[in-house]
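Everything numeric here is computed off the predicted structure, so don't read it as measured data.
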Amino acid sequence: SLPLTAPNMPPAFTAAYGLKLGGMNLGKLDVNLTQVDSENWTYHSSLVALGLAAIFVGSDAVTDTSKLQLLDGIIRPISYERIRITKNADKSERVVYQWDKKLAQSEYKDRTLEVSLNDLTTDLFTMQLLIMANINNIPEKMTLPVITKAKLKNYQIINLGVVKLNTIYGCLLYTSPSPRDVEESR
C-alpha cells in the first residue's frame, strides 16, 4: 500500500510553472501544499491558459483543491473539487469522502456516484501526493482505485525506475512512476 502519513507527507511548498511549446507561452500553473494545522492540509493548483491557448480553451482558470485530514494515522482526502468552466459548459467535479462510513459521493456534469471506499481509494489530484510521499517505495506495478468524473476507475502505477531528465540546469536523475487508466469499474 501507499500510505500518506504525517512523517512521509511532503513539506509545504509553492511552485510556479510556465507552459511553453515552440517558444510560445501557453499557460501558467501554480501549485501549493499548505499545512493548515497538525491534522489538516490543503493541496491546490491553478492553471490559466495564455495567448493562443486561451483562444481555444478560454482564459478562465482551472483549479484543483484537495482538503486532507489525518484520520487514524493516515492522511486521507476529505474533499476534492475541480472547477473548470469552458465557453460551452461547466465541467467541474466534486468528491466528498466520508471515511467513517467508508463512502464517497462524486458529482460531474449530470452524473453522480456513490462508491464504497477502501484504504487506497483516492482522486487523481491526491494521487500526486501519494506518489510524491512514497516515491522510493513504489512497487514495479500496482493498481489504485481512483474517483474521477463521477466514475470509479483503476489506475495502474508503473514504476519505470530511474530516468534522465534534461533541463536547462543540466541532466537530472528522477524515479518515474507512471499512472495509467487500466479499467473503469463503474
Working to the nearest 0.5 angstrom, can you tell me the gap between [X] [atom1] and [Y] [atom2]?
X    : Y    : atom1 : atom2 : value
D90  : I85  : CG    : CD1   : 3.5 Å
L4   : I131 : CG    : CD1   : 11.5 Å
K91  : I83  : NZ    : CD1   : 14.5 Å
R111 : K149 : CZ    : NZ    : 8.0 Å
T65  : L68  : OG1   : CG    : 10.5 Å

*Give the ring-plane orientation class for F13 versus Y43, where under 30° counts as parallel, over 60° as perpendicular and anything between as tilted.*
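The rings of F13 and Y43 stand perpendicular, inter-plane angle above 60°.
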*Are V96 and L113 connected in the hydrophobic side-chain network, where two residues link if heavy atoms are under 4.5 Å apart?*
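The answer is no; the residues belong to distinct hydrophobic clusters.
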Using a 4.5 Å cut-off on heavy atoms from C-beta on, say whether the side chain of [Y] contacts that of [X].
X    : Y    : answer
L47  : S45  : no
Y155 : L124 : yes
L71  : I78  : yes
Y108 : T148 : no
L103 : S116 : yes
P77  : D123 : yes
I74  : W99  : no
M9   : L33  : yes

*asked:* So does V62 get a backbone contact from the side chain of R82, meaning a donor-acceptor N/O pair under 3.5 Å?
replied: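 Such a contact is absent between R82 side chain and V62 backbone.
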_Checking the side chain of E107 only, and the main-chain atoms of R94 only, is there a donor and an acceptor separated by less than 3.5 Å?_
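No; zero donor-acceptor contacts below 3.5 Å.
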*asked:* Less than 3.5 Å apart, any donor N or O on the side chain of E140 or N159 sitting next to an acceptor on the other?
replied: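 Side-chain D/A pair, E140 to N159: absent.
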_Quick one about E114 and Q105 (side-chain donor to acceptor, distance below 3.5 Å, no hydrogens or angles considered), yes or no?_
yes
*Is K102 atom NZ crowded by more than 12 heavy atoms from other residues, nucleotides or ligands, each under 6.0 Å away?*
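Yes - once you tally the heavy atoms of other residues, nucleotides and ligands closer than 6.0 Å, there are more than 12.
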*Among residues two or more places apart or on two chains, list those pairs meeting side chain to side chain donor-acceptor pair (under 3.5 Å) that have a residue in residues 3-21.*
T5-N8, N8-N134
*The single option from D30, T34, T63 passing side-chain contact (heavy atoms from CB on, under 4.5 Å) against H44*: T63
